[in-house]
**Student:** 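Can you read through this structure? Questions will come right after.
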Amino acid sequence: MSDSVSLVWGGGRHGSSAGAVWRPPPGKRGAFLLGRLVASGGGKLRVRRLGGNRAGEMRLTRFLRNPAVSSEEMLAEAAERTAARCQGRPVLAIQDTTVLRSQGGGGEYLHAVLAVDAEDGAILGLIDGRFLTREGGRRGGRRGVPIEEKESFRWLEGADQAASVCAGAAGVTVIADRESDIFEAFALRPERIDLLVRAAHDRSLEDGQGLFAAIDAAPAAGRAELDLPAQPGRRRRTAQLALRFQPVRLARPKLGRRASLPESVAVTLVDVREVDPPPGAAALHWRLLTTHAVTSAAEAWAVAELYRRRWAIEQLFRTLKTEGFDIEGVAIDQPAPRHRLVTATVIAAVCIQQLVHARDGGPGSLRRPASDAFAPEDLPLLEACCAELEGKTQRQKNPHPKGSLAYAAWVCARLGGWTGYYGKPGPVVMLEGWLEFQARKRGADLLSRFHRAYQHDV
């Protein structure tokens with residue numbers, strides 16, 4: 001069963017496979033929420049708009065306010081399906097935090113952990129998600145407080161959840177940006193989990209040196225070129241990169257010292273920096289701390305390549321926000337109903353990103369079944385849509401095997417307006433195609449019910 005169908009009614013106390021007619025009321029409303037959520041993708045999330053009419057609005061309101069339905073249960077169901085996809089595969093658990101509602105110096109935030117195949121970049125699903133509230137911005141004087149009482153403890157909890165959900169994986173590397181550069185994260189990392197974190201602090205080393213000075217003094221171990229795409233304030237250019245790496249031991253911080261923490265932890269610092277950037281341009285510079293063993297330039301470049309996969313969670317957040325569902329505009333004041341709606345949206349956005357990754361038909365997407373993002377009963381309709389969309393030329397044919405995620409992605413891209421000739425369909429096009437598919441599915445379901453009722457009357 002796909003995440004897109006099971007996220008609010010599969011498993012748990014509401015049953016998992018009783019069928020569309022006999023599902024308990026919370027499950028029925030959950031399935032209705034998903035259909036309306038998808039049908040409203042790319043627009044602002046409003047319960048009235050999602051419901052479609054007064055009756056639909058009341059159905060969704062009852063679901064979102066039902067105490068028997070929890071965000072934790074939806075996330076646990078999604079994580080269970082992610083766990084099955086991680087079996088025997090090297091997994092990247094990419095975690096990051098994004099703002100949902102800004103309120104002065106604080107607001108409400110979502111912390112998510114996404115599973116990605118380390119070899120081919122296929123998105124495997126959601127590992128974890130949690131909501132955070134920050135009042136008045138960051139509080140000072142927190143350095144002596146135990147990590148368990150800090151907001152930053154979420155980074156350690158994310159690693160713990162990755163270890164649990166991905167227990168059957170061939171290996172797990174937890175990747176995060178500079179905010180997760182925490183000594184306790186390295187000292188207390190779970191067994192069989194490696195970390196890859198962008199360094200934020202010029203830490204003291206066991207031998208008394210500073211971390212950044214130590215790597216600056218190291219000789220370059222390699223050179224490479226990297227094409228940097230254009231973005232606001234930066235022209236497209238080819239960056240010349242220099243590579244350095246060095247094993248180091250990070251000394252335990254003096255403040256917040258815990259007797260159970262080791263005096264130091266062993267990591268490798270991989271430094272990738274741009275050489276001679278254009279005048280006025282900010283130089284690319286990554287200082288990456290990892291628990292992976294790095295003994296050669298090739299292994300150091302591989303670490304940098306793994307870190308580049310962090311882009312997957314940035315794309316997920318874009319789909320959640322301005323380029324997709326616009327969750328920042330959710331107009332529900334009560335936290336519990338709002339969290340249920342946002343949770344459903346996060347899981348739906350993961351499905352969209354799975355389709356975007358599958359669009360090129362790489363080895364990972366061909367290996368993934370369409371059921372990652374669609375219900376099994378959707379497959380005949382996918383094939384019917386494909387037969388309608390295919391043209392006479394080779395480039396207008398679906399090149400992917402039936403039943404694969406890549407096959408479904410091609411159909412959604414064509415339904416979203418992609419011609420098959422120019423460019424690559426992105427999240428917006430894929431979302432539009434998914435909307436169109438869901439609209440056709442509702443039409444087919446309506447026609448099927450009408451035929452059954454007519455035959456019964458006859």
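The first residue of the sequence shown is numbered 1, and numbering continues consecutively from there.
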**Student:** Please say whether more than 12 non-hydrogen atoms of neighbouring residues, nucleotides or ligands are located less than 6.0 Å from CZ in Arg249.
**Tutor:**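 For Arg249, atom CZ is crowded (more than 12 foreign heavy atoms under 6.0 Å).
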**Student:** Using modelled atom types only, decide if a donor and an acceptor are shared between the side chain of Asp378 and the backbone of Ala375 within a distance under 3.5 Å.
**Tutor:** yes
**Student:** For residues 210-228, which residue pairs qualify under side-chain hydrogen bond (donor to acceptor under 3.5 Å, both in side chains), counting only residues two or more places apart or in two chains?
**Tutor:**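 Only Asp216-Arg273, Glu225-Gln240, Asp227-Thr238 qualify under side-chain hydrogen bond (donor to acceptor under 3.5 Å, both in side chains).
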**Student:** Rounded to the nearest 0.5 Å, what separation is found between the OG1 atom of Thr82 and the CG atom of Leu114?
**Tutor:** 8.0 Å
**Student:** Measuring from Thr98:OG1 to Leu132:CG, what's the distance to the nearest 0.5 Å?
**Tutor:**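 So the OG1 of Thr98 and the CG of Leu132 are separated by 11.5 Å.
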**Student:** Mind listing the closest non-hydrogen atom pair of Trp434 and Ala348 along with its distance?
**Tutor:** CZ3-O, 3.8 Å
**Student:** Any sub-3.5 Å donor-acceptor pair from Arg154's side-chain atoms to Asp96's backbone N or O?
**Tutor:**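 Pair absent, no side-chain N/O of Arg154 close to backbone of Asp96.
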**Student:** Do you know which of Glu263, Glu184, Glu206 makes salt bridge (charged side-chain N to carboxylate O under 4.0 Å, His left out) with Arg252?
**Tutor:**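 Option passing the salt bridge (charged side-chain N to carboxylate O under 4.0 Å, His left out) with Arg252: Glu263.
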**Student:** Looking at every non-hydrogen atom in both residues, tell me the closest pair between Ala300 and Phe245 and how far apart they are.
**Tutor:** CB-CD2, 3.8 Å
**Student:** Taking side-chain hydrogen bond (donor to acceptor under 3.5 Å, both in side chains) as the criterion, tell me which of Arg309, Arg89, His357, Arg368 meets it with Asp117.
**Tutor:**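 Checked Arg309, Arg89, His357, Arg368 against Asp117; only one passes side-chain hydrogen bond (donor to acceptor under 3.5 Å, both in side chains): Arg89.
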**Student:** Under 3.5 Å, is there a donor-acceptor pair between the side chain of Gln95 and the main chain of Trp155?
**Tutor:** yes
**Student:** Is the Lys NZ or Arg CZ of Arg134 less than 6.0 Å from the centre of Tyr109's six-membered ring, within 45° of the axis?
**Tutor:**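 Yes, Arg134 and Tyr109 form such a contact.
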**Student:** With a cut-off of 3.5 Å and sequence neighbours excluded, list every side-chain donor-acceptor pair involving residues 157-175.
**Tutor:**
| from | atom 1 | to | atom 2 | distance (Å) |
| --- | --- | --- | --- | --- |
| Glu157 | OE1 | Arg130 | NH1 | 3.2 |
| Thr173 | OG1 | His292 | NE2 | 2.8 |

**Student:** What are the two closest heavy atoms between Asp271 and His285, and how far apart are they?
**Tutor:**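 So the minimum-distance heavy-atom pair works out to OD2-NE2, 2.9 Å.
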**Student:** Specify the closest pair of heavy atoms between Leu284 and Leu241, including all atoms of both residues, with the distance to one decimal.
**Tutor:** CD2-CD2, 3.7 Å
**Student:** Could you tell me whether the side chain of Leu205 reaches within less than 4.5 Å of the side chain of Leu250, counting heavy atoms only?
**Tutor:**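 Leu250 vs Leu205: side chains touch.
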**Student:** Going by heavy atoms in the side chains, are Trp301 and Val272 under 4.5 Å from each other?
**Tutor:**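 Yes, their side chains come closer than 4.5 Å.
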**Student:** So, do Ile147 and Ser152 sit near enough that their side-chain heavy atoms are less than 4.5 Å apart?
**Tutor:**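 The answer is yes, as the side chains (C-beta and beyond) meet within the 4.5 Å cut-off.
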**Student:** For Lys424 and Val356, indicate whether the former's side chain and the latter's backbone hold a donor-acceptor pair under 3.5 Å.
**Tutor:** no
**Student:** What residue among Leu195, Val303, Val197 forms side-chain contact (heavy atoms from CB on, under 4.5 Å) with Thr290?
**Tutor:** Val303
**Student:** Over all heavy atoms of both residues, which pair between Leu306 and Ala118 is shortest? Give the atoms and the distance, please.
**Tutor:**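 Leu306 and Ala118 have their closest heavy atoms at CD2-O, 4.3 Å.
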**Student:** Hey, are the side chains of Glu432 and Leu435 touching, using non-hydrogen atoms and a 4.5 Å cut-off?
**Tutor:** yes
**Student:** Any side-chain heavy-atom pair from Pro427 and Arg318 closer than 4.5 angstrom?
**Tutor:** no
**Student:** Can you give me the closest heavy-atom contact between Gly210 and Asp202, atom names plus distance?
**Tutor:**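 Residues Gly210 and Asp202, closest heavy atoms: C-OD1, 3.8 Å.
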**Student:** Is it true that a side-chain atom of Thr343 and a backbone atom of Ser71 form a donor plus acceptor pair closer than 3.5 Å?
**Tutor:**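 The answer is no, because no donor-acceptor pair under 3.5 Å joins these two groups.
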**Student:** Give the ring-plane orientation class for Phe131 versus His339, where under 30° counts as parallel, over 60° as perpendicular and anything between as tilted.
**Tutor:**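 Parallel, since the angle between the ring planes stays under 30°.
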